[in-house]
Number of protein chains: 2
Amino acid sequence: MDPHLLTTFVTVARHGSFSAAAAELGYTQSAISQQVAALEADLGLALLRRRPVEPTPAGRRLLEHAEPLLLRLRAARADVLRTAAEPRHLLRLAATPLAVNPVVAARLAEARARQPRLEIRLRMCRAERLAALVAEGRADLGLADGIAAPSDPLRLPDAGPMTTTGVTEEDLVVALPAGHPLAGRASLRLADLIDARWLRTPLCPPARLRDLVGEGFPAGLEYEGDDVRTALNLAAAGHGLTLLPASAVPAGGGGGGGVCAVPVAAPRLVHRVELLHAALPPGAAADLVAALSG
Amino acid sequence: MDPHLLTTFVTVARHGSFSAAAAELGYTQSAISQQVAALEADLGLALLRRRPVEPTPAGRRLLEHAEPLLLRLRAARADVLRTAAEPRHLLRLAATPLAVNPVVAARLAEARARQPRLEIRLRMCRAERLAALVAEGRADLGLADGIAAPSDPLRLPDAGPMTTTGVTEEDLVVALPAGHPLAGRASLRLADLIDARWLRTPLCPPARLRDLVGEGFPAGLEYEGDDVRTALNLAAAGHGLTLLPASAVPAGGGGGGGVCAVPVAAPRLVHRVELLHAALPPGAAADLVAALSG
DNA sequence: CCAAATTACGTCGACCGTAAGAATC
DNA sequence: GATTCTTACGGTCGACGTAATTTGG
């Protein structure tokens, strides 16, 4: 179970070819063959079927383990090395699309006002990748958003020891087309919407939606992008409902096409933004964390 | 970052001695010294201060990563090997103290009635260790209990890809001494108890309690065991309140000393039991999982 | 001065590359 | 028969043990 052999195995499985893996890793075919053989000998069972090269059941199981394992290994290395890094003034921030709400943006501004030398590079990414980015040190700080019960932490993929801090919580609303029968309501319950069509978008993770609304709700349009205005336009046009933080839906229901935001009364849920970071690089990071935490 | 070197490093740190680690691992002092040196050279920084032997800040950080990392490595190996294991009729079950409630016990009985050859060895353990036990294959199935919002999964330490299934959810009650001012109430809110003294016991994880009740509640007695009757007796005697599943508190408020169980009305919480398992060993396991899932 | 970690050095084994040998499409 | 993986074999480098050396209490 040497990580070295594990990466080789993963690469071979991904390419479906020993020679391609050899090319990528800078080894000869022969070495790859020996490494795979060594791993199989170590475990005492076949991991790959040859010609065509594809994982056996045991191999598939190992693949499920190997990826997070290697991620955590890289994360550990990055985290330890960070303790000896020199101070930086450029902070690389990674955020999910809905994480930079007005409050977060304002706090970032405060921090920059207090620390003129502070530079921030903000990069967007999906929630699943965010923890990995931060863990591996490819981002210094992460801002993740999600739906949770009030004061409950978000469920983020575990990529090793990391600090998570709640930043904001705000009301959750359902974005309805202006003409929808429930559009005028002061609030509604998700249970009332069990038959509604939902917009499938990474803005509101489908897995979470399934938990909340129930299994097998009729799927509306699937929008693979993460632009909020596009999602709102789609919602306004009746392609499906969306769960969004209140601040993401323009007030008054005006705008282009008319969406109406109705707060979710039950279950009690909030849209939560969380800050996550591994060991902080010395420098401006600690101040920014403090500023964001409020 | 060879796991081999990592285990050596962890062992040295735990013993605070190179020679002791050498004895445990079956190496010479010299080898240990070289291994630690190799790890430090690889990372480019000191991990241990010598004489006395204790971790540097970077070393402490690495230790935080190393333990879960090595656990996951063992877990991966065990999981893959299990795919090739021969069928077993003895199932090793691990459970947290409150997980085997009447419903779970009844379902276990059903399964045994249907499968006469099925043997079950039940072993108790704390929640923190349960996921590790199952992941490493030292138990085939795990039954974990905890407090969560209705239909929300439990927060278990992540020890790799595992299947979790909800088994039961039941009401959560506060165990109050019979004479307590709130004892007669039909229900109460946790917010009402913010100033109460709580019994600190692994039966109700203190971390979770802090989340629910708030920071810095006055700590009552700390009970390190996990016997429910003892906890009830302590609660009856006024040492502090406890959150328990309804079925754990004898009805009628009678019993030895008098505790009164008052359901928790807000926040909406349940006591949840979850079944977790990695790859199922062939044999009776799948049936048992089905029986427990209801 | 003693216990304990480091360094020096020799040996053995692991791993990779070259090259020849199977196996499958 | 060509491509692709496997096996054979030799060289190199790394890892461990023995033993001498240094360091710190």
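As a basis for the values below, the full set of heavy atoms in this structure was taken, side chains included, without hydrogen atoms, waters or symmetry mates. First the proteins, then the strands, lettered A, B, ... as listed; each starts at 1.
Taking only distance into account, the side chain of B/Arg51 never meets the base of C/dA5 through a donor-acceptor pair shorter than 3.5 Å. Contact annotation: side chain of A/Ser30 to base of D/dT7, donor-acceptor pair present below 3.5 Å.
Taking the nucleotide of DNA chain C with the nearest heavy atom to each of B/Phe18 and A/Ala31, the more 5' of the two is matched to B/Phe18. The residue among B/Ile32 and A/Tyr27 whose nearest nucleotide of DNA chain C lies closer to the 5′ end is B/Ile32.
Rounded to whole angstrom, the span from the NE2 atom of B/His15 across to the P atom of C/dA4 amounts to 13 Å. As a whole-Å value, the separation of A/Arg49 CZ from D/dT6 C1' is 18 Å. Between A/Leu5 atom CG and C/dA14 atom P the separation is 13 Å, expressed in whole Å. In this structure, CG of B/Leu25 is placed 14 Å from C1' of D/dC16, rounded to the nearest angstrom. One interatomic measurement links the two molecules: CD of A/Gln29 to P of C/dA19, which rounds to 14 Å at whole-angstrom precision.
Using a 4.5 Å cut-off on side-chain heavy atoms (C-beta onward), B/Asp226 and B/Thr201 make no contact.
Taking OG1 of A/Thr56 as the start and CZ of A/Arg61 as the end, the distance is 12.5 Å to the nearest 0.5 Å.
Distances shorter than 4.0 Å separate some side-chain N or O of B/Arg50 from OP1 or OP2 on C/dT6. For A/Thr28 and C/dC16, the shortest distance from a side-chain N or O to OP1 or OP2 is not below 4.0 Å. Residue B/Gln35 has a polar side-chain atom (N or O) positioned under 4.0 Å from OP1 or OP2 of D/dC16. Between B/Gln34 and the phosphate of D/dC16, there is no side-chain N or O to OP1/OP2 separation shorter than 4.0 Å.
Heavy-atom contacts from other residues, nucleotides or ligands closer than 6.0 Å to CZ of A/Arg14 number more than 12. Within 6.0 Å of the CZ atom in B/Arg126, the count of heavy atoms belonging to other residues, nucleotides or ligands exceeds 12.
Listed nucleotides: D/dC5, C/dT7, D/dC16. Nearest to the side chain of B/Ser33: C/dT7.
Partner of B/Asp140 under the side chain to side chain donor-acceptor pair (under 3.5 Å) criterion, chosen from B/Arg82, B/His277, B/Arg121, B/Arg92: B/Arg92.
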